[in-house]
**Student:** 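Have a look at the structure that comes next, please.
Computed from heavy atoms alone, side chains included, the values below leave out hydrogens, waters and symmetry copies.
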Amino acid sequence: MKRQHADLTVPFLGVVRRALVEAYPSRINRCLKLLSEEEIWWRPSRASNSVGNLVLHLQGNVRQWIISGLGGQLDSRDRPREFAETGPISRRKLLAGLRKTVKEADQILATLRTPDLLRKYSIQGFEVTGLEALGHVAEHFALHAGQIIYITKLRRSED
């Protein structure tokens, strides 16, 4: 008896797209709107990141792993700069940058097929499949969105 395996590409990409395009960006957007420009760049210590740093970092990660890594565009990421930035970069500019990055990534996600998810890519010095790359980005985005939400609750004392 021959076993058939369902193609999980479409459902998997749906989960990734919901996280990266819908759920987390809207929560980050709400947080940025609740925080003052000063609070966006507040750091609890020199070893910590501000919300602004985390937004820049998410843009860099999505651009490097999806837009460049899977989409083949030039990788011009300056990762240390994402964390060194102390602002002020305005809320409006941060939101526009995140929106633009997510839109570009979504356009690439819309083109991916099963062979793309199974293919090996070299991204940030790692040899990964497309599936592993997207799993990494979704997990990474969720982690830092959670940090942004926590900092916002800490600074604003509201849900």
Side-chain angles (χ1 to χ4, degrees), residues 10-112 117 121 123-126 128 130-159:
V10 172
F12 176 73
L13 289 171
V15 169
V16 171
R17 289 174 91 181
R18 275 189 296 285
L20 296 179
V21 178
E22 297 168 22
Y24 297 121
S26 67
R27 292 174 186 158
I28 292 169
N29 182 34
R30 176 158 159 66
C31 289
L32 284 171
K33 287 182 176 178
L34 286 171
L35 295 169
S36 70
E37 297 281 340
E38 183 179 294
E39 288 171 319
I40 289 171
W41 294 99
W42 171 82
R43 293 178 188 227
S45 72
R46 291 178 52 81
S48 299
N49 294 307
S50 68
V51 166
N53 295 121
L54 294 171
V55 172
L56 294 174
H57 180 59
L58 286 173
Q59 289 176 57
N61 180 266
V62 169
R63 184 160 296 288
Q64 185 174 45
W65 284 76
I66 295 178
I67 298 169
S68 298
L70 302 182
Q73 294 186 23
L74 178 66
D75 180 5
S76 58
R77 184 178 187 189
D78 184 354
R79 191 174 183 277
R81 187 171 181 206
E82 298 161 14
F83 299 110
E85 181 64 55
T86 58
I89 296 173
S90 72
R91 168 189 303 105
R92 182 186 56 73
K93 190 170 179 180
L94 287 170
L95 285 170
L98 185 61
R99 225 180 341 267
K100 180 180 185 293
T101 301
V102 165
K103 182 178 179 181
E104 288 178 40
D106 190 37
Q107 290 169 344
I108 291 174
L109 292 174
T111 69
L112 297 177
L117 297 183
Y121 299 84
I123 305 172
Q124 200 178 8
F126 299 101
V128 296
L131 186 67
E132 291 169 316
L134 292 177
H136 160 76
V137 174
E139 176 184 40
H140 184 262
F141 211 98
L143 168 79
H144 290 307
Q147 290 176 315
I148 291 167
I149 292 165
Y150 178 76
I151 291 170
T152 303
K153 288 181 178 187
L154 184 67
R155 298 300 295 173
R156 305 304 302 161
S157 298
E158 60 184 272
D159 194 7

**Student:** Determine, step by step, whether Lys103 and Arg99 satisfy the side chain to side chain contact (heavy atoms under 4.5 Å, CB included) criterion, reporting the C-alpha distance in whole Å, the side-chain angles of both residues, the deciding distance to 0.1 Å, and the verdict.
**Tutor:** CA-CA 6 Å; Lys103 182 178 179 181; Arg99 225 180 341 267; over 6 Å; no
**Student:** Quick check: closest heavy atoms across Ile123 and Trp65, and the distance to 0.1 Å?
**Tutor:**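 Looking at all heavy atoms of both residues, the closest pair is CG2-CD2, 3.4 Å.
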**Student:** Check whether any side-chain heavy atom of Leu134 lies under 4.5 Å from a side-chain heavy atom of Leu109, and answer yes or no.
**Tutor:**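 SC-SC contact between Leu134 and Leu109 confirmed.
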**Student:** Between Arg156 (side chain) and Leu34 (backbone), is there a donor-acceptor pair under 3.5 Å?
**Tutor:**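 Checked: pair present.
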**Student:** Evaluate the side-chain proximity of Leu56 to Gln59: yes if any heavy-atom separation is below 4.5 Å, no if none is.
**Tutor:**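 When only atoms from C-beta onward are counted, Leu56 and Gln59 do touch, with a gap below 4.5 Å.
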**Student:** Does Arg63 form a side chain to side chain contact (heavy atoms under 4.5 Å, CB included) with Glu104? I'd like the steps, not just the answer.
**Tutor:** CA-CA 8 Å; Arg63 184 160 296 288; Glu104 288 178 40; 3.0 Å; yes
**Student:** Would you check, one step at a time, whether the test side chain to side chain contact (heavy atoms under 4.5 Å, CB included) holds for Leu58 with Ile28?
**Tutor:** CA-CA 11 Å; Leu58 286 173; Ile28 292 169; 3.6 Å; yes
**Student:** Return the CD1 to CZ distance between Ile151 and Arg43, rounded to the nearest 0.5 Å.
**Tutor:**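 Taking CD1 in Ile151 and CZ in Arg43, the distance rounds to 10.0 Å.
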**Student:** If you draw a 6.0 Å radius around CD in Glu158, do more than 12 non-hydrogen atoms from other residues or ligands fall strictly inside?
**Tutor:**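 More than 12 within 6.0 Å, yes.
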**Student:** Quick one: CG on Leu143 to CD1 on Ile148, what's the gap to the nearest 0.5 Å?
**Tutor:**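 Nearest 0.5 Å value for the CG-CD1 distance: 10.0 Å.
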**Student:** Does Arg30 have more than 12 heavy atoms from other residues, nucleotides or ligands lying within 6.0 Å of its CZ?
**Tutor:**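 No, the 6.0 Å shell around CZ holds no more than 12 heavy atoms from other groups.
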**Student:** Which heavy atom of Leu20 sits nearest a heavy atom of Ala138, and at what distance?
**Tutor:**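 Residues Leu20 and Ala138, closest heavy atoms: CD2-CA, 4.3 Å.
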**Student:** Counting C-beta onward and ignoring hydrogens, is there a side-chain heavy-atom pair between Trp41 and Glu85 closer than 4.5 Å?
**Tutor:**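 Side-chain contact under 4.5 Å: yes.
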**Student:** Between Arg155 and Leu35, what is the shortest heavy-atom contact and its length?
**Tutor:**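 Looking at all heavy atoms of both residues, the shortest contact is CB-CD2, 4.0 Å.
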**Student:** For Val102 versus Val21, what's the shortest heavy-atom pair and its separation?
**Tutor:**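 In this case the closest contact between Val102 and Val21 is CG1-CA, 3.7 Å.
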**Student:** Just how far is it from atom CG of Asp78 to atom CD of Gln64, taken to the nearest 0.5 Å?
**Tutor:**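 It is 10.5 Å, given to the nearest 0.5 Å.
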**Student:** So for atom CZ, which belongs to Phe83, do other residues, nucleotides or ligands contribute more than 12 heavy atoms lying within a distance under 6.0 Å?
**Tutor:**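 Yes, enclosed.
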**Student:** Parallel, tilted or perpendicular for His144 and His57, by the 30°/60° rule?
**Tutor:**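 Rings of His144 and His57: perpendicular, over 60°.
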**Student:** If you measure only the distance, is there a donor-acceptor pair under 3.5 Å linking the side chains of Ser50 and Asn53?
**Tutor:**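 Yes, side-chain donor-acceptor contact under 3.5 Å.
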**Student:** With side chains defined as the heavy atoms from C-beta onward, is the minimum distance between Ser90 and Glu37 less than 4.5 Å?
**Tutor:**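 The answer is yes; the side chains approach within 4.5 Å.
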**Student:** State the OG-CH2 distance between Ser48 and Trp42, to the nearest 0.5 angstrom.
**Tutor:**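 So the gap between those two atoms works out to 7.5 Å.
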**Student:** Where do His136 and Val128 land on the side chain to side chain contact (heavy atoms under 4.5 Å, CB included) test, with the steps shown first?
**Tutor:** CA-CA 10 Å; His136 160 76; Val128 296; over 6 Å; no
**Student:** For the residue pair Ile67 and Thr101, establish whether any side-chain heavy-atom pair is separated by less than 4.5 Å.
**Tutor:**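 Yes, their side chains come closer than 4.5 Å.
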**Student:** How far does CZ of Phe12 sit from CG of Leu117, to the nearest 0.5 angstrom?
**Tutor:**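 It is 6.5 Å, given to the nearest 0.5 Å.
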**Student:** Mind listing the closest non-hydrogen atom pair of Pro25 and Ala19 along with its distance?
**Tutor:**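 Shortest heavy-atom separation between Pro25 and Ala19 comes out as CD-O, 3.5 Å.
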**Student:** Heavy-atom count check: over 12 atoms from other residues, nucleotides or ligands less than 6.0 Å from Glu139 CD?
**Tutor:**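 No, because the 6.0 Å sphere around CD of Glu139 holds 12 heavy atoms or fewer from other groups.
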**Student:** Looking at every heavy atom in both Arg91 and Leu32, which two are closest together, and how far apart are they?
**Tutor:**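 For Arg91 versus Leu32, the nearest heavy atoms are NE-O, 2.5 Å.
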**Student:** Under a 4.5 Å cut-off applied to non-hydrogen side-chain atoms, are Asn61 and Phe141 in contact?
**Tutor:**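 Result no, sub-4.5 Å side-chain heavy-atom pair not found.
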**Student:** How far does CD1 of Ile40 sit from CG of Leu95, to the nearest 0.5 angstrom?
**Tutor:**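 Nearest 0.5 Å value for the CD1-CG distance: 7.5 Å.
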